[in-house]
Amino acid sequence: QVQLVESGGGLVQAGGSLRLSCAASTRFFGTYAVGWFRQAPGKEREFVAAISWSGGSTYYSDSVKGRFTISRDNAKNTVYLHMNSLKPEDTAVYYCAASSSPSSSKVFTTPLEYHYWGQGTQVTVSS
């Protein structure tokens, strides 16, 4: 069983930045593809960004492309989501998810492809 713990959320003004972290309990985290999703009140969970276990492949939703950057430090069993130029519509609970992958370059972009989920961290962007 892999436990994921998100941190770094908070309240920020529009145009500001935050860095979310996703720390994993497994020492095999280096073989897990990781994704970030978010869910706003009354809306479905949506994909934000994903990274392969090697870190060599990344993928972003159109709504965050150019503003958010996903990265990982396998030595620290941690994946980061750097969020810049935040907008009020980025307000949501952000979740990280992980799944083992046979390919160093594979990324997953749908919730069903992920086996493990964190509890989420709230991000609120004020206008």
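All heavy atoms count here, side chains included; hydrogens, waters and symmetry mates do not.
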Please give me the minimum heavy-atom distance between R38 and S63, naming the atom from each residue.
NH2-OG, 3.4 Å

With salt bridge (charged side-chain N to carboxylate O under 4.0 Å, His left out) as the test, would you mind laying out the steps for K65 and D62 before giving the verdict?
CA-CA 5 Å; K65 196 175 298 182; D62 288 342; 3.3 Å; yes

With no hydrogens and no angle check, do the side chains of S17 and N84 hold a donor and an acceptor under 3.5 Å apart?
yes

Note, Y60 side chain near I70 side chain (heavy atom, < 4.5 Å):
yes

Nearest-0.5 Å distance that lies between atom OG in S21 and atom NZ in K76
9.5 Å

Separation between OH of Y32 and OG of S99, rounded to the nearest 0.5 Å:
8.0 Å

Could you grab the distance from atom CD of Q122 to atom OG1 of T91, nearest 0.5 Å is fine?
7.0 Å

Gap between atom OG of S85 and atom CG of D90 - 0.5 Å precision
9.5 Å

So, taking the atom named OG in S57 and the one named CD1 in I51, what distance separates them when rounded to the nearest 0.5 Å?
8.5 Å

Please check if atom CD in Q3 has more than 12 non-hydrogen atoms from other residues, nucleotides or ligands closer than 6.0 Å.
no

What are the two closest heavy atoms between V34 and A98, and how far apart are they?
CG2-CB, 4.1 Å

Measuring only between side-chain heavy atoms, which start at C-beta, is V48 closer than 4.5 Å to L81?
yes

Take L18 and L86 through the test side-chain contact (heavy atoms from CB on, under 4.5 Å) and record every step on the way to the result.
CA-CA 8 Å; L18 282 174; L86 283 162; 4.2 Å; yes

Can a donor-acceptor pair be found, under 3.5 Å and without considering hydrogens, that links the side chain of S52 to the backbone of S104?
yes

Above 12 or not: heavy atoms from other molecules or residues under 6.0 Å from NZ of K43?
no

Would you please name every residue forming a salt bridge (charged side-chain N to carboxylate O under 4.0 Å, His left out) with E113, sequence neighbours left out?
none

Check salt bridge (charged side-chain N to carboxylate O under 4.0 Å, His left out) between R72 and all other residues, then give those that pass, not counting sequence neighbours.
none

Nearest 0.5 Å, please: how far is CE in M83 from CZ in R19?
11.5 Å

Judged by modelled atom types alone, do S103 and S105 share a side-chain donor-acceptor pair under 3.5 Å?
yes

Ignoring hydrogens and angles, tell me if any N or O in the side chain of N77 forms a donor-acceptor pair with the backbone of T26 under 3.5 Å.
yes

Evaluate the side-chain proximity of V64 to W36: yes if any heavy-atom separation is below 4.5 Å, no if none is.
no

Are any side-chain N or O atoms of N74 and backbone N or O atoms of W53, one a donor and one an acceptor, separated by less than 3.5 Å?
yes

Residue pairs, two or more places apart or on separate chains, that pass ring pair (Phe, Tyr, Trp, His ring centres under 6.0 Å) and touch residues 107-127
F37-Y114, F37-W117, F108-Y114

Q119, CD atom: more than 12 neighbouring heavy atoms under 6.0 Å
no

Side chain proximity check, V123 to L20, heavy atoms < 4.5 angstrom:
yes

Keeping the roles fixed (side chain from Y94, backbone from E6), state whether a donor-acceptor pair exists under 3.5 Å.
no

Can you find a heavy atom in the side chain of H82 that is under 4.5 Å from one in the side chain of S71?
yes

Taking the side chain as C-beta and beyond, is there a heavy-atom pair between F29 and L4 under 4.5 Å?
yes

